[in-house]
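Step one of this worksheet: look at the structure below.
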There are 2 protein chains.
Amino acid sequence: MAKTAPEIALDAFDLAILKILQRDNATPQRTIGEAVNLSAPAVQRRIKRMEESGVIQANCAIVDPAKVGQPITIFVEVEVISETADLIDAAKAEFSATPEVQQCYYVTGEADFILVIVVATMADYEALTRRLFFGNNNVKKFRTFVAMDRVKVGLTVRLEAPGR
Amino acid sequence: MAKTAPEIALDAFDLAILKILQRDNATPQRTIGEAVNLSAPAVQRRIKRMEESGVIQANCAIVDPAKVGQPITIFVEVEVISETADLIDAAKAEFSATPEVQQCYYVTGEADFILVIVVATMADYEALTRRLFFGNNNVKKFRTFVAMDRVKVGLTVRLEAPGR
DNA sequence: CTCCTCACGAAACAAACTTGCAACTTGCAC
DNA sequence: GTGCAAGTTGCAAGTTTGTTTCGTGAGGAG
C-alpha cells in the first residue's frame, strides 16, 4: 500500500551518479562508470536501487513551453478564507488536477498556496482565474506575477560533496 | 553561438510522443510507436528532430530533494531598489549561479524576482539570505514562504489535443 | 578461524537504438 | 491532368547499449 520507501543510504558514488543523471539521463552507463570509476553493472545496480527507493522519482523529457504554444508562465499566491483540513485538501486536489498548473505548493506566510501556471494566452489565464479562484468560495484573494524571463528553470537538487 | 532554433512545426504525432516522454523518457521507442501508430524509426527521427530544435530541452532524472538531505523548499519574492539593466543582469547571474536556487523568474507585479530555493536546514537558508539578500545593496526587501507540502511538482507542460 | 553476506568486475546475452534503402504520399509547377 | 521534387514512412541489417549470470574478494558475526 504505502510506497516502498526503504530509506536507502547514499554514498559518494551514488551522489556522483545522481549528479550526472540529473543533467542528462541518456548518458550511457559505461560513460558514467568511467566518470565515477565504477563498472557499468555497478552503475546499473545503483541506479535501479535509487529508482526503487524513490531517490530518483522519475525520468522525463523537459519540454520548452514556448515551443509548444504555451509561452506564458505565471505565479499566483492564493490566500484562502478557511483553513480546515477538508477545504485545504479539496483545494490541493483541484489544483493538482488542473493541467495548466505546473507546480503547486502549500506554504506558510502571507499566502497559503503558491501556484506556477503555464498558459498560451492571457485570455486563457483569465478564464482559469474565473474557474479556479472566482469560482471557489474559499479563495479570499490572489496575487498574480507574470514571468518576463525564466532565468533559471529546473528541478535540479544540490548534491553535497562526497566528504560529509 | 546562438542556439539552433529552427522553429519546427509539430503535428499530432509529435504531441502524442511528447506527452509520453514528458512522463517517462525511458519508454522504448517501439512501445511509443505502438501507442501512436508509428514505426520505431519514425518515432526516433521525430524525437531527434525535437531535441535538435529545442522543443525537448533536456532529458533528466528527477531527484527527490528530501531523499538527498534537502527537505526544505522555500519561495522568496525579491524586490530590488534599482531596475537598471546591468543591475538586473547581475542579479540574474548571481541567482543562477547559486546551486540552492532551483528556479528563478524575473516577474512583473509587486515583486521583481521569484526564487525557489531548496536547502537542508533553516540555518542554511538563513546563511543564504545573508549572502544573497542582505549582502546585496540592491535588494530592497524579500518575503519568504516556506513550503509545508509540495502538492504538485514538475515541469510538465500541457499539450493540447491533436484536433487543432 | 570459518561461515555468511554483500558489492564489485568480467563476460555472455538480450534488447534497444541507429542507419541505409526503396516505396509512398504531398505539394507544386507545367 | 501530368510529372517532378521534397519529405516521410516502413523494413531490415549493423551497432551500441543495457541486463543478467557467474566468480572473486572484502568485511562482520558466530
Side-chain angles (χ1 to χ4, degrees), chain A residues 4-64 67-69 159-164, chain B residues 4-64 67-69 159-164:
Chain A
T4 52
E7 283 302 330
I8 220 73
L10 304 176
D11 61 10
F13 285 120
D14 293 312
L15 292 178
I17 294 171
L18 274 185
K19 215 163 185 172
I20 295 172
L21 292 181
Q22 216 175 192
R23 214 194 29 180
D24 178 14
N25 71 1
T27 309
Q29 295 175 349
R30 186 191 139 196
T31 307
I32 299 175
E34 292 169 359
V36 303
N37 284 320
L38 235 54
S39 72
V43 172
Q44 139 79 4
R45 281 187 285 259
R46 286 167 179 271
I47 293 175
K48 188 175 181 183
R49 204 182 48 175
M50 290 193 285
E51 284 175 346
E52 287 172 348
S53 65
V55 175
I56 295 176
Q57 287 186 319
N59 290 292
C60 56
I62 306 301
V63 176
D64 185 344
K67 295 274 175 70
V68 292
L159 300 171
E160 42 216 316
R164 214 283 174 77
Chain B
T4 52
E7 282 303 331
I8 222 72
L10 303 177
D11 61 10
F13 286 121
D14 293 311
L15 292 179
I17 293 170
L18 275 184
K19 214 163 185 170
I20 295 172
L21 292 181
Q22 215 174 196
R23 214 194 29 183
D24 179 13
N25 72 0
T27 309
Q29 295 175 349
R30 182 190 137 200
T31 307
I32 300 175
E34 291 170 357
V36 303
N37 284 319
L38 234 53
S39 72
V43 172
Q44 138 78 5
R45 281 186 282 261
R46 285 168 179 271
I47 293 175
K48 187 177 181 184
R49 203 183 48 174
M50 290 192 285
E51 284 176 346
E52 289 171 348
S53 66
V55 175
I56 296 175
Q57 287 186 318
N59 290 291
C60 54
I62 306 301
V63 176
D64 185 343
K67 294 273 175 70
V68 292
L159 299 171
E160 41 216 315
R164 213 278 177 81

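Reminder, nothing fancy here: chain letters follow the sequence lines and each chain counts from 1. Note that these values count all heavy atoms, side chains included, but never hydrogens, waters or copies made by symmetry.
Listed in residue order, the members of residues 55-64 of chain B having a heavy atom less than 4.0 Å from DNA chain D come to none. Contacts of residues 35-51 of chain A with DNA chain D (heavy atom under 4.0 Å): A/Pro41, A/Gln44.
A/Gly33 approaches A/Val43 most closely through the heavy-atom pair CA-CG2, 3.7 Å. Between A/Cys60 and B/Ile62, the shortest heavy-atom distance links the atoms SG-CG1, 3.8 Å. Contact between A/Asp14 and A/Arg46 at its shortest, heavy atoms only, is OD1-NH1, 3.1 Å. Nearest heavy atoms, A/Leu10 versus B/Val68: CD1-CG1, 3.7 Å. The shortest heavy-atom contact between B/Asp64 and A/Gly54 is CB-O, 3.5 Å.
The CZ-C1' distance, from B/Phe13 to C/dT25, rounds to 13 Å in whole Å. Going from atom CZ of A/Arg30 over to atom C1' of C/dA10 covers 14 Å, rounded to whole Å.
The salt bridge (charged side-chain N to carboxylate O under 4.0 Å, His left out) check on A/Glu51 picks up nothing, with sequence neighbours excluded.
Evaluation of the side chain to side chain donor-acceptor pair (under 3.5 Å) test over residues 31-42 of chain B, restricted to residues two or more places apart or in two chains, returns B/Arg30-B/Glu34.
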Practice task
Take A/Ile32 and A/Leu21 through the test side-chain contact (heavy atoms from CB on, under 4.5 Å) and record every step on the way to the result.
Solution key: CA-CA 9 Å; A/Ile32 299 175; A/Leu21 292 181; 3.9 Å; yes
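In the helix from C/dC1-D/dG30 to C/dC30-D/dG1, the rotation axis of the first five pairs and that of the last five pairs differ in direction by 30°, rounded to 10 degrees.
Boundaries of the chain B contact region on DNA chain D are D/dT8 to D/dA12, first to last in 5' to 3' order (nucleotide atom under 4.0 Å from a heavy atom).
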